[in-house]
Amino acid sequence: MTDIEKSPAHSFLEFIAFLRERGFLIGLGEAADATAIAARFSPETSKLKPRLKILLSKSRSQWDDFDRLFNEFWFPDRKKRPAMKGEVAISVVTKSSGVGAHNSLLDEFPPIGDAEVELGYDASGSGAESLSSVNLDELASSAEREMADRIARQIAKSIKQRQSRRRRPAHRGSRIDLRRTMRKSLRFGGDPLELAFKKPLHRPQPVILLLDVSGSMRSYARAFLAFAHGLAGRWIDVRVYLMHTALVDASEVMKERDPHRAAQKFADIAVGFGGGTRLGACFRTFNNQIRQTSSLRRALVFILSDGYDSGSEDLFATEFAAIADRTRRMIWLNPLCGRASYRPVTLAMLSAMNRIDHLVPADTLESFLALESYLARG
Amino acid sequence: MPAQIDIEEKLALAGYVVDPALGMAVGLSLDMSRPLLLEGEAGVGKTEVAVSLAKALGTRLIRLQCYEGLDVSSAIYEWNYQRQILAIKASEKFAANASDLEAQLFTNQYLLERPLLAAIRQEISPVLLIDEIDRADEEFEAFLLEVLADFQITIPELGTIKAISVPHVILTSNQTRELSDALRRRCLYAYVDFPDVMREMAILRARMPGLDEEFAGQIARFVHELRLQDLKKRPGIAETLDWCAALTGLGVRELTGAPEMVHQTLLCLLKTQEDSKKLTPELTAEIVAGTA
């Protein structure tokens with residue numbers, strides 16, 4: 001079928017597929033509702049877009065992106081000029097604008113443990129933004145991903161369970177479960193001879209991973225990202241943030257198990273990889289995002305960075321202390337500190353040393369196994 | 001479209017100045033009988049949407065405030081155990097058998113309604129506000145799914161209770177945790193941001209009818225500028241209203257004429273010690289000068 005022969009309804013379903021590929025959660029019900037709205041309003045009018053935005057967006061990022069995606073799909077050749085009636089080539093599905101478009105920008109990281117990597121590379125950190133993009137597949141081969149998955153599973157097991165405020169039924173416990181006790185009493189004519197109990201529920205601590213993906217960390221990014229991807233697929237609550245000149249929330253990408261969608265989402269967030277480092281600014285953004293999050297008081301924070309920072313020292317110290325105050329435990333994984341000659345000499349590391357609970361060497365995937373002993377300490 | 005304009009007007013009459021995108025979201029939610037999930041920072045007026053909608057529609061507002069550990073017995077229903085025990089004791093002398101007793105004990109007579117059950121048993125559709133859903137835990141979201149999808153509640157002892165009237169449901173979240181995809185899918189969505197200067201002016205004048213337009217503009221511009229500063233807690237609309245009331249009470253009619261008074265009353269807008277330190281008298285005077 002040619003583009004011209006496609007019916008508006010068919011084109012609209014392609015639009016739904018286009019949004020789904022970009023991570024929109026559109027079930028059959030929403031698709032039917034959206035189609036009903038689309039039958040009433042044409043894409044050229046100003047009435048369709050805001051309605052679909054409310055119906056199909058399910059998060060802040062989707063809310064912010066919707067207008068751009070709508071225009072990208074329905075008006076690919078248009079920048080700001082309003083469409084003329086009958087001008088719209090409805091059947092444009094810009095799959096090529098997704099994964100493929102980013103592949104041309106690929107900037108492959110060297111492999112883990114590359115002997116040629118100059119550790120002093122960009123060591124002072126650069127404030128410059130980088131426009132290089134990378135592909136998740138190139139960051140970790142399938143063998144590395146398998147190993148990362150195995151290690152992440154092992155680490156996830158070591159994460160301590162903490163008591164939550166919720167209670168669950170139990171044979172023995174500190175509190176009587178009145179509902180179950182009442183049901184049991186009926187067989188004894190209403191006398192509560194058998195008591196039912198509730199006891200506190202234990203849950204794993206939430207985990208936050210802050211990954212430095214700046215230029216000085218190029219050679220370790222593969223291991224870190226593979227580990228984050230493995231850990232995010234576990235049953236624990238994991239949030240993953242990438243740090244370079246800005247902070248990027250990569251939690252959704254890391255949880256994505258479908259390779260095609262993961263690559264698409266990763267390409268969208270990879271701008272800035274391998275560039276400069278502004279850890280203080282990234283921590284500030286992180287603090288602004290989590291400032292109301294009470295559940296993070298139980299959180300375990302892993303910072304994966306070499307500690308090279310091009311930003312203000314004061315900003316780093318203030319914001320780092322704020323993270324330490326708001327969370328339960330901080331573990332800094334530094335790829336450089338496995339070396340006998342390593343000393344925390346960067347200003348960022350020096351100011352962080354007072355607030356971190358453990359400084360752990362981490363230059364390969366295997367080195368993450370050392371975390372088990374730290375996590376076992378509670 | 002007329003329905004949307006209609007709801008915007010009704011909300012305005014109820015004292016809520018709504019922006020067009022939010023007005024459309026509320027209108028669509030009413031038209032489609034779908035829950036509306038509002039996300040945004042604390043203080044942007046999410047809860048107030050539900051309060052004003054109830055006023056605008058002339059219906060009851062039923063509010064469920066969420067918190068960690070919220071469970072079925074606090075949100076949906078609970079049995080009245082004290083009355084049940086009394087009933088059991090009273091029935092002893094009649095030697096009732098167990099099945100009769102059970103049939104008698106688990107009836108509406110012994111059922112305590114909590115907000116969600118109360119909402120679906122109203123004759124006239126109420127506005128059900130599920131406030132700060134992000135503070136409740138994942139298990140509670142699972143309870144909510146049945147209510148939000150089918151407007152029915154299953155009580156094992158009684159069976160499934162279907163809604164007499166479908167409530168207008170508004171959920172709010174401050175994004176302190178990610179909500180489940182299942183819950184999001186069942187809702188329409190709108191992100192509520194801080195109002196722009198013009199809308200904040202309109203809000204001030206709607207809430208404080210005697211306020212001079214120029215003064216309202218200065219206050220709105222000052223607060224707008226303040227939100228652009230690097231603050232731990234950006235002031236919300238309620239804080240703006242408090243500050244405006246404080247200034248009016250102190251007889252201030254123009255910000256530029258009373259920079260010291262402005263600085264002294266900033267406690268209405270700034271809620272942390274760090275923010276208070278950051279807003280030095282010099283910086284305050286600079287912002288005030290920009291509002292003229």
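Letters A, B, ... are given to chains in the order of the sequence lines, protein chains preceding strands, and every chain is numbered from 1. Computed from a predicted model, the values in this text were never measured in an experiment.
Checking each of R60(A), K53(A), Q62(A) against Y189(B) for a side-chain contact (heavy atoms from CB on, under 4.5 Å) leaves exactly one that passes, namely R60(A).
Counting heavy atoms from C-beta on, the side chains of M182(A) and W79(B) never come closer than 4.5 Å.
Atom CD1 of residue I54(A) and atom SG of residue C187(B) lie 13.5 Å apart, to the nearest 0.5 angstrom. Here the CG-CZ distance, from D33(A) to R34(B), works out to 5.0 Å after rounding to the nearest 0.5 Å. Annotation: the span from I85(B) atom CD1 to S185(A) atom OG amounts to 7.5 Å, rounded to 0.5 Å.
Here R185(B) pairs with E30(A) in a salt bridge; the nearest charged N to carboxylate O distance falls below 4.0 Å.
When the shell of 6.0 Å around CG of L28(A) is examined, it contains 12 or fewer heavy atoms from other residues, nucleotides or ligands. Within a 6.0 Å radius of CZ in R83(B), more than 12 heavy atoms belonging to other residues, nucleotides or ligands are found.
Contacts of S59(A) with chain B are made by both backbone and side-chain atoms, with heavy-atom separations under 4.5 Å. If you measure heavy-atom distances from L179(B) to chain A, you find no contacts under 4.5 Å at all.
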Trace of the side chain to side chain contact (heavy atoms under 4.5 Å, CB included) decision for E78(B) with L178(A): CA-CA 10 Å; E78(B) 181 63 299; L178(A) 273 174; over 6 Å; no

Chi angles and distances behind the side chain to side chain contact (heavy atoms under 4.5 Å, CB included) call for R51(A), L28(B): CA-CA 8 Å; R51(A) 284 171 168 77; L28(B) 269 183; 4.0 Å; yes

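For the pair R183(A) and F106(B), the cation-pi criterion (under 6.0 Å, within 45° of the ring axis) is fulfilled.
Across all non-hydrogen atoms, the minimal contact from S73(B) to R179(A) is CB-NH2, 4.5 Å. Summarising the geometry of M24(B) relative to P50(A), their closest heavy-atom pair is SD-CB, 3.5 Å, with the distance given to 0.1 Å.
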